[in-house]
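For reference, the structure is listed below as structure tokens.
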Amino acid sequence: MQIKKNPKSNLENFSKIFMQIGLVLALFVTYVAIEQKTYDKTYGDLAVVSMDAEMEEEVPITERIEPVKPKTPPPPTPEKIEVVEDEKEIEETVIESTETDETEAVEVEEIVEVEEAEEVVEDVSFMIIEDVPVFPGCKGNKAELKACFSKMVQKHFSRKFDAELPNELGLSPGKKRVFIGFKIDKQGNIVNIQARGPHPKIESEVISVMNKLPKMTPGRQRGKPVGVKYSIPFSLIVE
């Protein structure tokens, strides 16, 4: 069975009317709010305040405390003065005169001469010496004299050393190093020759060869002749 609705009870038929009524009410409320008048409030006279009476301020009573002053120390006791009688003799210091008379002989003590100790300058390295030792025949400035000295020592060693000795000693083939050191003393002589090599006989041969070096012009440090230490390595090739 189908239920039938009354057309009067359907509220959707009155939706447009309700919307129009709502718009009219909203416009009416807006109009009334705009047209409403406001008035300024009025106030009565204020009471008169009397300021004739002076306000009395209570000042607290404070006590001033003065700082305690330190007591001044008593004056020092005067020194006791000793009274010396006139009869008592007082010793006076006699100052002798330093003036001399022309006739008086003046004794002069013997003057002893003190010999100044000669400044001992130790041996200096060939690399830092001021004036290098000069190999006979070398000329030029300090750098050239250094290079010439090393070149002539190497040339002397190559000429005088027995090149067959390493082979005769049965050393293994290859390059062998020999280190040589000596000193050129203050007179230019070659002294304190030292050698270090692969065999004692080679070291003896090297010392013998270095002893045959000519006499040099000695090196100088601060203008005085000094001993100069020199060292150089050599290479021996054993076949």
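The figures here come from the full heavy-atom set of this structure, side chains too, leaving out hydrogens, waters and symmetry mates.
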Q: Give the cluster check for Leu169 versus Val209: same hydrophobic cluster or not, with ILVMFWY residues linked at side-chain heavy-atom distances below 4.5 Å.
A: yes
Q.
To the nearest 0.5 Å, what is the distance between CZ on Phe182 and NZ on Lys229?
A. 13.5 Å
Q: Quick one: pull up CZ in Arg196 and OG in Ser231 and give me the separation to the nearest 0.5 Å.
A: 10.5 Å
Q | All pairs passing disulfide bond (SG atoms under 2.5 Å apart) where residues 125-183 contributes a residue, at least two apart | A | Cys138-Cys148
Q. Is there a path from Met19 to Leu27 through hydrophobic residues (I, L, V, M, F, W, Y) whose side chains come within less than 4.5 Å of each other?
A. no
Q) So do Val178 and Pro198 actually touch side chain to side chain, heavy atoms under 4.5 Å? A) yes
Q) Is there side-chain contact between Pro136 and Pro214, with heavy atoms separated by less than 4.5 Å? A) yes
(Q) I need the Ile180 CD1 to Glu203 CD distance, nearest 0.5 Å. (A) 10.5 Å
Q) Taking atom CZ of Phe126 and atom NZ of Lys183, what is their separation to the nearest 0.5 Å? A) 15.5 Å
Q: Sequence neighbours left out, what passes side-chain hydrogen bond (donor to acceptor under 3.5 Å, both in side chains) with Ser204? Give chain and number order.
A: none
Q) Under a 4.5 Å cut-off applied to non-hydrogen side-chain atoms, are Met216 and Phe135 in contact? A) yes
**Q.** side-chain hydrogen bond (donor to acceptor under 3.5 Å, both in side chains) pairs, two or more places apart, involving residues 140-152
**A.** Ser150-Tyr230
**Q.** Min side-chain heavy-atom separation Val24-Gln20 under 4.5 Å
**A.** no
Q. Is there a side chain to side chain contact (heavy atoms under 4.5 Å, CB included) between Phe179 and Gln194 once you walk through the steps?
A. CA-CA 8 Å; Phe179 297 91; Gln194 298 176 353; over 6 Å; no
Q: Would you list the pairs meeting side-chain hydrogen bond (donor to acceptor under 3.5 Å, both in side chains) in which at least one residue belongs to residues 155-169, sequence neighbours left out?
A: none
**Q.** With Ser125 via side-chain contact (heavy atoms from CB on, under 4.5 Å) - residues at least two apart
**A.** Met127, Ile128
Q.
Rounded at 0.5 Å granularity, tell me how far CG in Leu145 sits from NZ in Lys139.
A. 11.0 Å
Q. Rest of the hydrophobic cluster containing Phe28 (Ile/Leu/Val/Met/Phe/Trp/Tyr, side-chain heavy atoms under 4.5 Å)?
A. Val32
Q.
Test of understanding: with side-chain hydrogen bond (donor to acceptor under 3.5 Å, both in side chains), list the residues that count as partners of Lys176, not counting sequence neighbours.
A. Ser172
**Q.** side-chain contact (heavy atoms from CB on, under 4.5 Å) against Ser235, all qualifying residues, sequence neighbours excluded
**A.** Lys175, Arg177
(Q) Can you tell me how far apart CZ (Phe149) and OG1 (Thr217) are? Round to the nearest 0.5 Å. (A) 10.5 Å
Q) Heavy-atom distance under 4.5 Å between the side chains of Ile184 and Ile190, does that happen here? A) yes
Q | Val228 side chain reached by Asp123 side chain, heavy atoms, under 4.5 Å | A | no
Q) Sequence neighbours excluded, which residues qualify as side-chain contact (heavy atoms from CB on, under 4.5 Å) partners of Gln154? A) Ile232, Phe234
Q. Is there side-chain contact between Asp185 and Val226, with heavy atoms separated by less than 4.5 Å?
A. no
Q) Can you pull the ring pair (Phe, Tyr, Trp, His ring centres under 6.0 Å) pairs that have at least one residue in residues 193-220, sequence neighbours excluded? A) none
**Q.** Test side-chain contact (heavy atoms from CB on, under 4.5 Å) applied to Ile207 - qualifying residues, sequence neighbours left out
**A.** Ile193, Ala195, Asn211
Q. Are Arg220 and Glu130 side-chain neighbours, meaning at least one heavy-atom pair lies under 4.5 Å?
A. no
